[in-house]
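The block underneath contains the structure these notes are about, expressed in structure tokens.
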Protein chains: 2
Amino acid sequence: MVTAMPDHTTDRPGRSRTGRPRSAEADAAILGATREALVELGWSKLTLGDVATRAGVAKTTLYRRWAGKNELVVDAVAELFDELELPDRGSLAADVEGVVLQFAALLARPETRTALMAVVAESTGDEALRARIRSSIVDRQKRLVLQGRQRAQERGELPRENDPETAARTADLIFDVVAGAVVHRSLVSCEPVDAQWAHSFTALLLGGLTEAART
Amino acid sequence: MVTAMPDHTTDRPGRSRTGRPRSAEADAAILGATREALVELGWSKLTLGDVATRAGVAKTTLYRRWAGKNELVVDAVAELFDELELPDRGSLAADVEGVVLQFAALLARPETRTALMAVVAESTGDEALRARIRSSIVDRQKRLVLQGRQRAQERGELPRENDPETAARTADLIFDVVAGAVVHRSLVSCEPVDAQWAHSFTALLLGGLTEAART
DNA sequence: CGATATACGCTACGACTCGTAGCGAAAGCT
DNA sequence: AGCTTTCGCTACGAGTCGTAGCGTATATCG
């Protein structure tokens with residue numbers, strides 16, 4: 001799931017092939033410095049000037065590539081979410097528990113905690129930013145739900161869907177429940193997402209799914 | 001659930017009874033102005049000077065009462081959450097659907113959307129702020145879960161718990177699932193929490209609960 | 001009533017960040 | 001070579017921050 005062209009760049013005139021190309025190392029250094037500064041300073045105290053200094057680039061270079069703090073942080077965090085995988089653990093319950101714990105581990109990292117919530121908050125009044133978050137972060141992770149369901153259906157643990165529209169709605173519901181519960185547990189309630197919690201949660205979720213499939 | 005003493009005030013020396021008391025009207029004006037400014041400007045562009053102007057008070061008055069933007073916004077938003085109620089609709093499913101829709105309506109208001117996420121984001125690096133959020137907002141709403149379960153047990157829809165520790169864990173789990181799913185659906189996925197979704201979600205949740213109770 | 005104590009409005013201040021403009025130099029492509 | 005774009009650097013006005021100082025307003029206490 002790699003974008004062929006870096007999507008963070010603002011309008012580049014015609015994607016011309018002449019002239020000095022942008023430094024890829026600078027890109028990596030900036031995104032890394034952003035995550036680092038986010039951990040130390042938090043969202044509100046994060047300044048682009050500081051990021052530029054840490055990355056070893058000029059402040060103007062930052063403004064040439066990103067429109068502002070929001071866009072920069074979205075790109076800096078989006079990279080982290082691509083780590084999530086869905087290894088086949090043999091059963092639907094084990095798969096769900098595994099991805100829950102993976103997601104929790106990702107949210108336990110300070111840069112993820114801070115950045116994710118801050119950007120979502122900022123996006124409530126900015127439609128363009130919201131769209132960027134959805135395409136860069138949220139929608140990419142829905143693949144985990146679809147993948148897990150397909151595996152479960154192949155194993156016979158879940159019935160195959162007849163109506164594709166219902167199937168899509170159910171997938172969305174599951175995605176919101178899983179992601180929402182884990183985020184709320186770890187960031188709002190500030191309680192650990194350990195193996196015990198993951199087990200209880202999985203039991204609740206799968207119980208609800210099989211119960212619903214029965215009717 | 002009204003606190004006898006305003007809890008937002010920073011250290012007041014001995015709560016002495018002499019001298020001019022703080023204006024309660026100013027308090028209300030400031031908190032209202034904060035919510036208003038939050039809607040128009042968003043979190044990052046919200047300035048305390050602007051809030052002071054809108055509220056018709058001096059900027060210094062703001063700094064005398066609140067330590068900073070975070071604390072002010074937490075108090076401004078905490079008031080909104082006290083609206084949530086759990087009217088008795090006759091069945092557990094109806095009660096859950098009702099509170100889900102209420103919560104969604106609260107999150108649909110722009111000031112709530114913006115403020116809640118922003119404050120949570122800021123709190124990831126600030127233990128004092130985290131504690132303030134929990135006591136002012138989160139923990140207060142857990143009453144809804146406890147209340148709903150008690151009613152369901154009285155109706156015979158749910159079995160009574162034997163182990164109080166397990167009961168507490170289950171309540172926490174339900175709280176995180178409900179609040180997390182609704183927040184994620186409306187703020188991250190940006191999809192409406194309508195009657196249909198609330199119905200599907202309730203079926204999933206209650207299905208999981210009865211299934212889990214069976215084993 | 002006067003004395004005391006606190007809150008309030010107002011102004012001013014240094015420090016900081018913002019986002020942009022302008023320049024010369026560097027680095028690629030034809 | 002010549003052209004094009006990026007990069008680092010410096011400087012700038014605008015805006016915000018949080019605080020200090022001062023005079024005034026409003027409460028309780030003796």
Side-chain angles (χ1 to χ4, degrees), chain A residues 5-6 8-34 37-38 40-73 118 122 126 128-129, chain B residues 5-6 8-31 33-34 37-38 40-73 75 118 122 126 128-129:
Chain A
M5 196 164 44
H8 62 268
T9 53
T10 58
D11 53 326
R12 228 190 299 200
R15 187 68 191 107
S16 54
R17 288 185 287 136
T18 170
R20 175 177 177 178
R22 290 188 169 170
S23 163
E25 294 143 16
D27 250 64
I30 291 172
L31 294 177
T34 303
L38 214 44
E40 292 180 22
L41 305 173
W43 168 267
S44 64
K45 292 179 183 170
L46 175 78
T47 70
L48 294 196
D50 191 7
V51 171
T53 305
R54 289 170 190 261
V57 301
K59 191 175 63 163
T60 44
T61 300
L62 270 175
Y63 283 101
R64 287 189 188 107
R65 304 192 185 194
W66 285 276
K69 200 201 266 194
N70 294 333
E71 290 77 7
L72 172 61
V73 174
E122 214 63 35
D126 185 338
L129 183 60
Chain B
M5 196 165 42
H8 62 269
T9 52
T10 58
D11 52 327
R12 229 190 299 201
R15 188 68 192 107
S16 53
R17 287 185 289 137
T18 170
R20 177 178 176 178
R22 290 186 169 172
S23 163
E25 295 143 15
D27 251 64
I30 292 172
L31 293 178
T34 302
L38 214 43
E40 291 181 21
L41 305 173
W43 167 266
S44 64
K45 291 177 183 171
L46 176 78
T47 70
L48 294 196
D50 191 6
V51 171
T53 305
R54 289 169 190 261
V57 301
K59 192 175 63 163
T60 44
T61 299
L62 271 175
Y63 283 102
R64 287 189 187 106
R65 302 192 185 196
W66 285 277
K69 199 201 269 193
N70 294 333
E71 289 76 7
L72 173 62
V73 174
D75 286 351
E122 215 62 37
D126 185 339
L129 182 60

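Remember, it's a predicted structure, so these values are computed and weren't measured experimentally. To find a chain, count down the sequence lines: A is the first, B the second, and so on, and within it residues start at 1.
- Taking both residues in full, the closest heavy atoms of A:Ile30 and A:Val51 are given as O-CG1, 4.0 Å, listed atom of the first, atom of the second, then distance.
- Closest to the side chain of A:Thr47, out of C:dA5, C:dT17, D:dG18, is C:dT17.
- Regarding B:Leu72, its CG atom lies at a distance of 15 Å from the C1' atom of D:dC17, rounded to whole Å.
- Annotation: of the two residues near DNA chain D, B:Gly68 and A:Val57, the 5′-most nearest-nucleotide partner is A:Val57.
- Along DNA chain C, the nucleotide closest to A:Leu48 and the one closest to B:Gly56 are compared, and the more 5′ of them pairs with B:Gly56.
- Over its length, the helix from C:dC1-D:dG30 to C:dT30-D:dA1 turns its helix axis by 30°, as judged from the five terminal pairs at each end, rounded to 10°.
- A:Thr60 comes within contact range of at least one nucleobase, with a heavy-atom separation under 4.0 Å.
- The minimum heavy-atom distance linking A:Trp43 with A:Lys69 is given by the pair O-NZ, 2.9 Å.
- The nearest pair of heavy atoms linking B:Gly49 to B:Lys59 is CA-CD, 3.9 Å.
- Donor-acceptor pairing under 3.5 Å, judged by distance alone, is absent between the side chain of A:Arg64 and the base of C:dG19.
- When all heavy atoms of A:Arg65 and A:Ala26 are compared, the pair lying nearest together is NH2-CB, 3.9 Å.
- Between B:Arg22 atom CZ and D:dT28 atom C1' the separation is 17 Å, expressed in whole Å.
- Between the CG atom of B:Leu46 and the C1' atom of D:dT16 there is a distance of 12 Å, rounded to whole Å.
- We find that CG of B:Asp27 is positioned 12 Å from P of C:dA7, with the value rounded to whole Å.
- Under 3.5 Å, the side chain of A:Lys59 and the base of C:dG19 form at least one donor-acceptor pair of N or O atoms.
- Note on A:Arg20: every side-chain N or O is 4.0 Å or more away from OP1 and OP2 of C:dA26.
- OP1 or OP2 of D:dG8 lies within a sub-4.0 Å distance of a side-chain N or O belonging to A:Thr61.
- A straight line from CH2 of A:Trp66 to C1' of D:dT6 spans 14 Å, rounded to a whole angstrom.
- The two residues B:Val73 and B:Leu46 come nearest to each other via the heavy atoms CG2-CD2, 4.1 Å.
- Residue whose closest nucleotide on DNA chain D sits further toward the 5' end, between B:Lys69 and B:Pro21: B:Lys69.
- If you take NZ of B:Lys45 and C1' of D:dC17, they are 18 Å apart, rounded to a whole angstrom.
- Of the candidate nucleotides D:dT4, C:dC10, C:dG19, C:dG19 has the atom lying nearest to any side-chain atom of A:Tyr63.
- Within a 6.0 Å sphere centred on CD of B:Glu25, heavy atoms belonging to other residues, nucleotides or ligands number 12 at most.
- The minimum heavy-atom distance linking A:Ala55 with A:Ala29 is given by the pair CB-O, 3.7 Å.
- In this structure, A:Arg65 places its CZ atom 13 Å from C1' of D:dG8, rounding to the nearest Å.
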